[in-house]
Amino acid sequence: MATMQLKGTGEIMGTQSSGETFTAQPLDGETRRARRAMVVESLLADPLGEHAHRHLAKKNGKGRGCTTANGGKDSKNCQGKVAFDTNVMTVKEVQALKKKCDGVRNVNIKRSFPGGSEVTDSLCRAGTTVFVKGPRQNKGKNKGMQMTVRNGNQETHMDCSDGTNCYLSGLLQGHGGPCSLNHGSDDCEDHLVCYPNNDIASVEGTCMDTDSLRWYVNWEDHTCVADCIGRPNCGGLAQYHDELYATFDLCCATHLSWQSRRECIPDYDSWYDRRE
């Protein structure tokens, strides 16, 4: 099981089995966006092919089917959701972790979030399967190593292709779990958004199900538009590569901060008239 300690309340949600715990550091903003862009480029090059990040999404709670404009399912042309990289460990740490997993030891992964919340997930236990592709030895570095850990219905992928760092994906947060507002909703399972907490100064949010519109950037017009069709400020259904935000304010502040709130969405007046 997982341990989740929420900052502020100190509430503990669940407990993980005893064992050795490794810490995965959060990616800094520049690296996360570079890794995200690399994954999107790879997917665009082969839109219907099998890809580790898409497979993780389907396995771990994202991509429960592609929705068409009329609300139906489109399995033939389904691009699906994608689980992007969120954390990083060194190659040496992952090698040590793999030895523990191979020895049928209980291994946990601890992650922290911007507001101080911590989540510890069970990575390996009896029955866990570890798949490794590579590595290719190159001047003593393990270039090209790709490792996937399958623990029950949960899979975690580690891309160690640069020989120094391993980038983790697949560790998605369910309802009530902490998330980074700067990551859109990449930290959350499908159909959940990273919603702001009461502390307006914090960049930590909570993964929540919401009936409200979700927002993403239309890069052609440099505006934030809603994930909908046929209403003011709708930009069409979001694609797998779009970063989804709980509010247009978050979308604008993260990506289009040089614009005013009125400039940032296509029809500011209609949005507020509709809300009233």
Side-chain angles (χ1 to χ4, degrees), residues 26-44 47 53 57 62 67 69 79-87 113-115 167 169 172-173 178-276:
L27 289 176
D28 64 79
E30 182 178 353
T31 302
R32 189 188 75 84
R33 294 196 183 283
R35 296 286 305 177
R36 198 182 198 280
M38 183 182 69
V39 171
V40 170
E41 182 179 2
S42 176
L43 289 166
L44 289 174
H53 290 79
K62 279 187 178 282
T67 305
Q79 292 182 327
K81 295 290 185 178
V82 176
F84 291 100
D85 300 333
T86 55
N87 295 84
F113 291 83
Y167 299 94
S169 54
L172 303 173
Q173 296 295 100
C179 52
S180 172
L181 296 172
N182 292 332
H183 294 179
S185 296
D186 284 356
D187 293 332
C188 304
E189 293 179 355
D190 199 14
H191 307 301
L192 302 180
V193 295
C194 189
Y195 202 82
N197 295 331
N198 292 331
D199 183 359
I200 60 173
S202 175
V203 293
E204 181 178 309
T206 301
C207 293
M208 298 178 63
D209 196 355
T210 177
D211 293 330
S212 300
L213 293 175
R214 302 178 299 175
W215 298 79
Y216 64 94
V217 180
N218 177 338
W219 290 108
E220 291 185 3
D221 297 333
H222 288 87
T223 57
C224 284
V225 294
D227 177 25
C228 59
I229 297 173
R231 289 186 283 171
N233 295 306
C234 288
L237 297 180
Q239 301 299 305
Y240 66 87
H241 50 76
D242 292 316
E243 295 182 69
L244 292 171
Y245 292 86
T247 67
F248 80 81
D249 280 325
L250 280 173
C251 177
C252 294
T254 303
H255 294 288
L256 304 172
S257 58
W258 67 89
Q259 295 187 4
S260 68
R261 295 170 81 245
R262 180 174 291 276
E263 294 172 326
C264 186
I265 62 176
D267 194 342
Y268 182 88
D269 292 329
S270 292
W271 168 249
Y272 276 93
D273 289 343
R274 185 176 65 83
R275 291 182 67 187
E276 294 172 357

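Inter-residue side-chain proximity for Pro266 and Asp221 is flagged as unmet; no heavy-atom pair is nearer than 4.5 Å. Side chains of Trp258 and His222 form a contact here, defined as non-hydrogen atoms less than 4.5 Å apart. With contacts defined as side-chain heavy-atom distances shorter than 4.5 Å, the pair Phe248/Asn233 does not qualify. Within the 4.5 Å cutoff, no side-chain heavy atoms of Tyr245 are placed close to those of Val217. Between Thr223 and Ile265, every side-chain heavy-atom pair lies at or beyond the 4.5 Å cut-off.
The distance from atom CG of Leu256 to atom CH2 of Trp219, rounded to the nearest 0.5 Å, is 5.5 Å. Note: His191 NE2 to Arg214 CZ = 8.0 Å, rounded to the nearest 0.5 Å. Between Leu172 atom CG and Asp186 atom CG the span is 9.0 Å, to the nearest 0.5 Å. The distance from atom CG of Asn197 to atom CE of Met208, rounded to the nearest 0.5 Å, is 9.0 Å. The OG atom of Ser180 sits 11.5 Å away from the CD atom of Gln173 when rounded to the nearest 0.5 Å. Atom NE2 of His183 sits about 9.0 Å away from atom CZ of Phe113, to the nearest 0.5 Å.
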Run the side chain to side chain contact (heavy atoms under 4.5 Å, CB included) test on Leu237 and Asp227 for me, step by step, so that the C-alpha distance in whole Å, both residues' side-chain angles and the decisive distance to 0.1 Å come before the verdict. CA-CA 5 Å; Leu237 297 180; Asp227 177 25; 3.8 Å; yes
Is there a side chain to side chain contact (heavy atoms under 4.5 Å, CB included) between Tyr167 and Met38 once you walk through the steps? CA-CA 12 Å; Tyr167 299 94; Met38 183 182 69; over 6 Å; no
Please assess Glu243 against Thr254 for the test side chain to side chain contact (heavy atoms under 4.5 Å, CB included), listing each intermediate value before the final yes or no. CA-CA 10 Å; Glu243 295 182 69; Thr254 303; 5.8 Å; no
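When all heavy atoms are compared, the tightest approach of Tyr240 to Leu44 is OH-CD2, 3.3 Å. The two residues Arg261 and Asp249 have their closest heavy-atom pair at NE-OD1, 2.9 Å. Residue Tyr195 comes nearest to Cys179 through the heavy atom pair N-SG, 4.5 Å, listed as atom of the first residue, atom of the second, then distance. Residues Gly236 and Ile229 approach most closely at CA-CG1, 4.0 Å, considering heavy atoms. Shown here for Val193 and Ala246, the closest heavy-atom pair between the two residues is CG2-CB, 4.1 Å. Of all the heavy atoms in Pro178 and Cys207, the pair that sits closest is O-SG, 4.3 Å.
Cys224 pairs with Cys251 as a disulfide, the SG atoms being under 2.5 Å apart. For the cysteine pair Cys194 and Cys188, the distance separating the two SG atoms is not below 2.5 Å.
The side-chain contact (heavy atoms from CB on, under 4.5 Å) check on Cys234 picks up Cys228, Arg231, with sequence neighbours excluded. Residues meeting the side-chain contact (heavy atoms from CB on, under 4.5 Å) test with Ser260, sequence neighbours left out: Arg262, Glu263. Partners of Asp242 by side-chain contact (heavy atoms from CB on, under 4.5 Å), not counting sequence neighbours, listed by chain and number: Tyr216, Ala238, Gln239.
No donor-acceptor pair closer than 3.5 Å links the side chain of Arg35 to the backbone N or O of Thr86.
Test Asn182, Asp85, Leu27 against Arg32 for side chain to side chain contact (heavy atoms under 4.5 Å, CB included) and you get one pass: Leu27.
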